[in-house]
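Notes for the one structure printed next.
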Amino acid sequence: MLEGITKISEVEWEVPVGYVPGMRVPGRFFLSEDLSETLEGGAVQQLANVATLPGVVRYSLAMPDIHSGYGFPIGGVAAFEEDTGVVSPGGVGYDINCGVRLITTPLTIADIKNPRALIEELFRTVPTGVGAESTMRLSEADLDDLMADGVDWAIDHGFGMAADAEHCEEKGQMQQADPAAVSKKARQRGRPQAGTLGSGNHFLEVQAVDAIFDPEAAKAFGLEAGQICCMIHCGSRGLGHQVCTDHLRVLESATRKYGIEIPDRQLACAPVHSPEGEAYFGAMAAAANYAWVNRQVITHQVRTVFARLFGIAYEEMPLVYDVAHNVAKREEHDVDGKRQTLCVHRKGATRAFGPGLTEVPQAYRSIGQPVIIPGSMGSSSYVLRGTATAMARTFGSTCHGAGRVMSRTKAKHATPGREIREELLKQGIIVRATSDASIAEEAPDAYKESDKVVDVVRRAGLSLPVVRLHPVGVIKG
DNA sequence: ATGTGC
């Protein structure tokens, strides 16, 4: 492990105040010895840099999928006081409300007689790839409504069932969304893209439940051994990207205006209640709602394909849950025995609220919030449950996935995509992508093993495994 | 992640 870092437990490490100048609180990250070789010094420096920001509460935190990102590390969690704290686009990332959801089916693996045909049909139906455009024709007014209402907009327009909203984090709608803070350029990019998958690590995967770790929780979540499920991983496409770009520019000058000293210009930020901070937050919330609509419309498409191919009812494919991986939210937390409203940034981290909280849907309240951890291409995904430990230690947060260990560029030259596709097929996993080059960038060995990441959060008690899902086939941009 | 990059 790096010099100057203190071991707290087998899976927790402290970055002390003074590791970089100006730290207001220590950093804490969760990692096992066997993952320590994946740790980048630059990511730890970023974790420490975040601890210098005004109003940061208790710790700058990172999960075991930590790696370096724009300003804040990916895998990072940071909470700020409402009155003295800041909001920062670097703490959310470019892909606002990149997230993942899981839908179940009444089918088992034996019912999928022709997996290739299923994957091809999904690939034909769900627009996929860089610059992919939707078959929906949205007016400017539609886009405004969609950004204000999130998942409810999609349900009201025939892309889902009433129960879907209840099973999304935040009910699939951030109330503070301010569509007026979303630029014309962001709207132009977003309008044709609602209901598209995108590219990179985004995917739509058909999976089978292949291990159950917690039968009671699995039952509550509606998951059974051998069951076929669909996982959708995507974000806010060009709209969220443009919102981040636009507001970064504004916040760079706001940082100077408010006299905030930052060790890295990528930490551009503004006070939570400044006009600039509120404008970013409102636009970010609008982009988050757009991302929820995106996943909801794709859900509708997936249900339609399954209903047609297998003769099952649309209603037989309920949404287990939908989580955000990149978002800032106002949340109430206990801090040193006091109830406080905080601006919690999660960037490549998942909310993992424990049992008993009203934010957790009624059907899951005694269990804890479902946490969905997508695997990298060809590897297992997990469903976990949130815990009281996460509430006490990480502002109710856990890891978000495997975490990259190889750059896209490096991965592109490491192994040809065709080879990866053929190797996965030998393992019985179908990969359908827009190009072999995009498969190469997402090579399984470009990521940490998700099993090891999940094992760290389990040992730390931040979330507990419920089921594991094995890929049957995947479509990718 | 992204109408992909110096």
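The figures that follow rest on heavy atoms only: side chains count, while hydrogens, waters and symmetry mates do not. Throughout, a chain's letter reflects where its sequence line sits, starting with A, and its residues are numbered from 1.
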Within this structure, what is the [atom1]-to-[atom2] distance between [X] and [N], rounded to whole angstrom?
| X | N | atom1 | atom2 | value |
| --- | --- | --- | --- | --- |
| A:D246 | B:dT2 | CG | P | 16 Å |
| A:Q193 | B:dT2 | CD | P | 8 Å |
| A:Y70 | B:dT4 | OH | P | 18 Å |
| A:K412 | B:dT4 | NZ | P | 12 Å |
| A:H413 | B:dT4 | NE2 | C1' | 13 Å |
| A:E441 | B:dT4 | CD | P | 13 Å |
| A:H202 | B:dT4 | NE2 | C1' | 14 Å |

Q. Under 4.0 Å between a side-chain N or O of A:S199 and OP1 or OP2 of B:dT4?
A. no
Q. Does A:R237 make a side-chain N or O approach to OP1 or OP2 of B:dT2 shorter than 4.0 Å?
A. yes
Q: Using a strict 4.0 Å threshold on nitrogen-to-oxygen distance, state whether A:D65 and A:K448 make a salt bridge.
A: no
Q. Are A:E449 and A:K452 ion-paired here, with the side-chain N under 4.0 Å from a carboxylate O?
A. yes
Q: Specify whether A:W13 and A:F29 have parallel, tilted or perpendicular ring planes, treating 30° as the upper limit for parallel and 60° as the lower limit for perpendicular.
A: parallel
Q. With a 4.0 Å cut-off on heavy atoms, is A:G235 in touch with a base, just the backbone sugar-phosphate, or nothing at all?
A. nothing
Q: Could you check whether A:K347 gets within reach of a base, just the sugar-phosphate, or nothing at all, counting any heavy atom under 4.0 Å?
A: nothing
